[in-house]
> 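First, the structure itself, so that you have it in front of you.
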Amino acid sequence: MSGGAPIRVVLAEDNDIFRESLELLFGLRDDVVVVASVSDGSDAVAACRGENPDVLLMDYRLPGLDGLRLSSAMRRSCPGVALVCLSASVEPQQAAALLAAGAIELLTKDQPLDEIVAGIHRAAGRVAA
């Protein structure tokens, strides 16, 4: 980034080890900051209301609200938050439904961190450093 404020991210991931790893890796960067981290889709809406992030980085398969229902809930509750789905795998019909529900980026967990961060930047309308 060109000296701007870091992109504020709420992270919604039910795999504790993966979520904590992402928090650690994002913590080593100056262009992305995790402002809240939750393990349940239902908690993600409240976290976004409270933190007003730029991006919600969410797993597709979450307890409470899955990625599709969470995307719909976010469009109603926090329409200014860009939605990025980060999942192990998403079927083509699920991907189409996520995009229709408002997701901007669909990423896979096996992508390199730089590609995940680039997706967050695209969703937030910024160019990656």
Side-chain angles (χ1 to χ4, degrees):
M1 280 178 55
S2 56
I7 296 171
R8 295 169 44 83
V9 175
V10 167
L11 179 57
E13 167 62 56
D14 63 326
N15 180 314
D16 293 339
I17 294 170
F18 188 72
R19 186 180 66 251
E20 291 165 8
S21 296
L22 279 177
E23 289 177 47
L24 178 67
L25 291 169
F26 289 152
L28 299 173
R29 303 182 62 97
D30 62 2
D31 57 344
V32 175
V33 61
V34 176
V35 296
S37 180
V38 299
S39 61
D40 187 287
S42 301
D43 295 336
V45 176
C48 287
R49 281 188 192 131
E51 295 295 335
N52 192 29
D54 301 303
V55 172
L56 169 61
L57 182 63
M58 61 180 178
D59 189 5
Y60 180 79
R61 291 167 186 83
L62 286 169
L65 295 175
D66 67 16
L68 185 57
R69 292 181 13 217
L70 177 54
S71 295
S72 297
M74 287 296 298
R75 291 284 56 92
R76 289 188 306 274
S77 299
C78 305
V81 177
L83 305 178
V84 176
C85 183
L86 179 64
S87 194
S89 65
V90 176
E91 298 297 322
Q93 64 272 26
Q94 294 168 331
L98 278 166
L99 292 169
I104 296 172
E105 289 279 333
L106 303 178
L107 306 170
T108 59
K109 291 180 179 179
D110 61 355
Q111 288 180 268
L113 181 65
D114 286 343
E115 290 179 19
I116 293 170
V117 171
I120 291 170
H121 277 265
R122 287 190 301 270
R126 300 189 192 174
V127 177

> So which heavy atom on Met74 is nearest to which on Cys48, and how close?
CE-SG, 3.4 Å
> Which side-chain hydrogen bond (donor to acceptor under 3.5 Å, both in side chains) pairs, counting each pair once, include a residue from residues 65-78, with sequence neighbours left out?
Arg49-Ser77
> Are Leu70 and Tyr60 packed together at the side-chain level, in the sense that at least one heavy-atom pair is separated by less than 4.5 angstrom?
no
> State which residues pass side chain to side chain contact (heavy atoms under 4.5 Å, CB included) with Ile17; sequence neighbours excluded, sorted by chain then number.
Asn15, Ser21
> Only pairs at least two apart or in different chains count here, so list each salt bridge (charged side-chain N to carboxylate O under 4.0 Å, His left out) that has a residue in residues 56-65.
Asp59-Lys109
> Which heavy-atom pair separates Ala124 from Val55 by the least distance, and what is that distance?
CB-CG2, 3.9 Å
> Look up atom CG in Leu22 and atom CG in Leu113, then write down how far apart they are to the nearest 0.5 Å.
7.5 Å
> Do Val117 and Asp31 come close enough that some side-chain heavy atom pair is under 4.5 Å?
yes
> Which pair of non-hydrogen atoms, one from Ala123 and one from Glu105, has the smallest distance, and what is that distance?
CB-CG, 4.2 Å
> Name the atoms and distances for all side-chain donor-acceptor pairs under 3.5 Å in residues 37-45, with sequence neighbours left out.
residue, atom, partner, partner atom, Å
Ser37, OG, Arg19, NE, 3.2
Ser37, OG, Glu23, OE2, 2.6
Asp40, OD1, Ser42, N, 2.7
Asp40, OD1, Ser42, OG, 3.3

> Return the set of residues passing side chain to side chain donor-acceptor pair (under 3.5 Å) with Glu115 (not counting sequence neighbours), or none when no residue passes.
Gln111
> Is any side-chain heavy atom of Ile104 closer than 4.5 Å to a side-chain heavy atom of Leu83?
no
> Nearest 0.5 Å please: distance from the CD1 atom of Ile116 over to the CG atom of Leu57.
7.5 Å
> Would you say Leu107 and Val84 make side-chain contact, with heavy atoms under 4.5 Å?
yes
> What distance separates Leu56 CG from Glu51 CD, expressed to the nearest 0.5 Å?
12.5 Å
> Let me confirm one number: the CZ-CD1 distance from Arg29 to Ile120, rounded to the nearest 0.5 Å.
8.5 Å
> Supply the atom-to-atom distance Asp16 CG to Asp14 CG, rounded to the nearest 0.5 angstrom.
8.0 Å
> If you look only at distance, which donor and acceptor atoms sit under 3.5 Å apart when one is on a side chain in residues 89-101 and the other is two or more places apart or in another chain?
residue, atom, partner, partner atom, Å
Gln94, OE1, Glu91, N, 2.8

> Is any side-chain heavy atom of Phe18 less than 4.5 Å from a side-chain heavy atom of Leu11?
no
